[in-house]
**Student:** 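One structure coming up, written as structure tokens, with questions to follow.
Just follow the structure's listing: the first ligand is 1, and inside any ligand the first atom is 1. Residue numbers count from 1 along this sequence.
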Amino acid sequence: MNDDLRVQYEIYPYPPRDPEEEANRLITGSPSHIAEIEHHIFAGTRPAADTLNILVAGGGTGDATVMLAQQHASAGISVDIVHLDISEASSAIAKARIDARGLDNVRFVQGPIESLPDLGLGPFDYIDCCGVLHHLADPGAGLKILRNALALRGGMGIMVYAPLGRNGVYHAQAMLNMIAGNAPDDQRIATAKQLLSNLPASNWLKRNPHVGDHTSLGDAGIYDLLLHRRDRAYSVPELVGLLQQGGMRPVNFTDPARYEPSIYLADRDLIEKCRPMNWLQRCAFAELLAGNMKTHILYAVRDDNGNNTLAVPDTPDAIPVMRDDDGLTLAAQVKPGMSLNIDFEGVKVSLPLPERAGDILALIDGEHPLSAIHAQMENAPDWENFKRDFDRLYGSFYGLSRMFISKPAG
Ligand SMILES: C[S@@+](CC[C@H](N)C(=O)[O-])C[C@H]1O[C@@H](n2cnc3c(N)ncnc32)[C@H](O)[C@@H]1O
């Protein structure tokens with residue numbers, strides 16, 4: 001069932017990575033950034049367990065495994081990470097990256113996700129499954145297997161392809177299937193390169209500025225994008241259906257602002273017309289409206305976990321945490337009256353900031369709660385006005401996955 005796919009990832013481990021680069025940089029991203037997991041899965045508070053059990057399902061060449069292992073080690077949090085992949089070559093690269101960092105919190109298991117019930121692993125507090133479900137023979141069944149390996153209060157970070165931003169990819173895949181479907185891999189790659197350099201200006205892939213693996217990641221990128229044996233994309237409603245099949249409930253997407261129709265709309269009447277829609281309907285509308293989403297990254301929990309797992313800044317003990325930015329540095333750049341301007345892959349949007357955004361940002365250090373930030377502010381407004389300003393600031397930075405909430409343990 002997985003033979004063609006395994007061979008592909010033995011020959012073209014994806015994404016291509018050089019373990020020597022670990023000395024120069026840590027690749028971070030979504031899903032599975034440590035601050036995102038705490039925020040979306042653990043309501044801002046890590047479970048008290050001595051060691052967190054984590055599975056990276058289809059871990060490939062190790063981006064998520066390395067990030068999870070390094071971020072938890074740096075934070076002094078004990079984790080037992082299992083990196084599971086069908087490809088020996090990909091796992092070997094991931095292992096070399098972990099070894100290069102001198103980390104000892106990862107185990108490597110070679111095998112298909114479908115065999116998880118027989119491997120005696122888990123239950124896991126967190127599962128990363130990035131760019132894998134859409135390649136499985138039965139994604140719903142694969143997701144269910146992962147879900148059944150989750151602890152009741154555990155959760156998952158998932159990335160799947162989205163159709164609109166990949167416009168032209170499936171056209172190119174179909175053409176290559178017609179002219180080189182059964183050829184050996186080196187010929188398929190050669191034919192793909194030939195086709196790429198002959199695409200007319202009107203071709204959708206040629207006109208699509210959002211996908212670039214075929215130009216930036218060499219043969220592995222061409223293969224993964226255009227010659228994959230099994231690859232499908234999910235719209236928001238289709239993804240919701242997949243989660244239901246897998247027994248999972250969505251918590252939120254990253255970056256949430258992209259899934260909010262009103263950020264793209266200037267017409268007040270249209271914004272009003274969208275207001276009655278529920279959260280997932282708004283997300284579906286925003287996907288259709290923006291037209292440029294090439295993946296969906298979301299956090300999800302078991303459908304029998306009735307808890308609210310998303311952290312919200314609802315109490316004075318909530319601690320705002322910047323994901324990568326430094327509050328003080330940002331504060332120096334933010335002037336009163338400014339908005340947060342952002343380019344979402346070709347769509348320029350402005351997110352509102354409160355008048356005193358800089359004063360609040362300067363006090364955010366990832367350790368002090370809102371009550372202390374309020375107390376330390378010069379000429380502080382009363383709590384209600386401070387909280388209104390903070391919520392506005394938070395709404396914009398959280399919308400871009402740049403600020404999260406941490407809560408002190410109970
Ligand atoms: C596109 S790569 C993504 C790698 C990694 N998750 C990342 O985001 O960088 C897909 C990976 O899934 C693995 N894979 C595909 N089908 C699998 C299966 N049924 N069980 C386990 N791994 C699988 C492949 O070997 C490959 O390494």
**Student:** Which word best sums up how the rings of Tyr161 and His135 line up, parallel for under 30°, tilted for 30 to 60°, or perpendicular for over 60°?
**Tutor:** perpendicular
**Student:** Got the closest protein heavy atom to atom 23 (C) of ligand 1, with its distance?
**Tutor:** Ile86 CG1, 3.4 Å
**Student:** Is the backbone N or O of Ala332 less than 3.5 Å from a side-chain atom of Lys335, with the two atoms forming a donor-acceptor pair by type?
**Tutor:** yes
**Student:** At less than 4.0 angstrom from any non-hydrogen atom of Gly131, what atoms of ligand 1 do you find?
**Tutor:** 1 (C), 10 (C)
**Student:** Okay, side chain of His83, backbone of Phe108: is any donor-acceptor separation there less than 3.5 Å?
**Tutor:** no
**Student:** Among Asp255, Asp325, Asp324, Asp326, whose salt bridge (charged side-chain N to carboxylate O under 4.0 Å, His left out) with Arg402 holds?
**Tutor:** Asp325
**Student:** Touching ligand 1 at all, Ala64? Heavy atoms, strictly under 4.0 Å?
**Tutor:** no
**Student:** For ligand 1, which atoms have a heavy atom of Gly59 less than 4.0 angstrom away?
**Tutor:** 5 (C)
**Student:** Quick one: which ligand 1 atoms are inside 4.0 Å of a heavy atom on Gly111?
**Tutor:** 21 (C)
**Student:** Judged by atom type as modelled, is there a donor-acceptor pair below 3.5 Å linking the side chain of Lys387 to the main-chain atoms of Pro313?
**Tutor:** yes
**Student:** Select one of side chain, backbone, both or neither to describe which atoms of Leu136 lie under 4.0 Å from any atom of ligand 1, heavy atoms only.
**Tutor:** side chain
**Student:** Does this structure show an ion pair linking Asp304 with Arg147, if we count only N-O contacts that are shorter than 4.0 Å?
**Tutor:** yes
**Student:** Judged on heavy-atom distance to atom 3 (C) of ligand 1, which of Gly60, Cys130, Ala220 sits nearest?
**Tutor:** Cys130
**Student:** Using a heavy-atom cut-off of under 4.0 Å, does the side chain or the backbone of Tyr9 touch ligand 1, or both, or neither?
**Tutor:** side chain
**Student:** Check whether any N or O atom of Leu5, backbone or side chain, sits under 3.5 Å from an N or O atom of ligand 1, and answer yes or no.
**Tutor:** no
**Student:** Is it possible for you to check whether Arg282 lies under 6.0 Å from the centre of the six-membered ring of Trp279, through NZ or CZ, and within 45° of that ring's axis?
**Tutor:** no
**Student:** What is the closest protein heavy atom to atom 5 (C) of ligand 1, and at what distance does it sit?
**Tutor:** Gly58 O, 3.4 Å
**Student:** With nothing but distance in play, are any N or O atoms of Glu114 less than 3.5 Å from an N or O of ligand 1?
**Tutor:** yes
**Student:** Which heavy atom of Arg97 sits nearest a heavy atom of Glu22, and at what distance?
**Tutor:** NE-OE2, 2.6 Å
**Student:** Give yes if a backbone or side-chain nitrogen or oxygen of Asp85 is under 3.5 Å from a nitrogen or oxygen of ligand 1, and no if not.
**Tutor:** yes
**Student:** Can Val132 be said to touch ligand 1, with heavy atoms closer than 4.0 Å?
**Tutor:** yes
**Student:** To the nearest 0.1 Å, how far is atom 9 (O) of ligand 1 from its closest protein heavy atom, and which atom is that?
**Tutor:** Pro15 CD, 3.3 Å
**Student:** Could you check atom 20 (N) of ligand 1 against the protein and tell me its nearest heavy-atom contact, residue, atom and distance included?
**Tutor:** Ile113 N, 2.9 Å
**Student:** Answer with yes or no whether the side chains of Ser235 and Glu287 bring together a donor and an acceptor at under 3.5 Å.
**Tutor:** no
**Student:** Going by atom types only, do Tyr126 and Ser32 share a side-chain donor-acceptor pair under 3.5 Å?
**Tutor:** yes
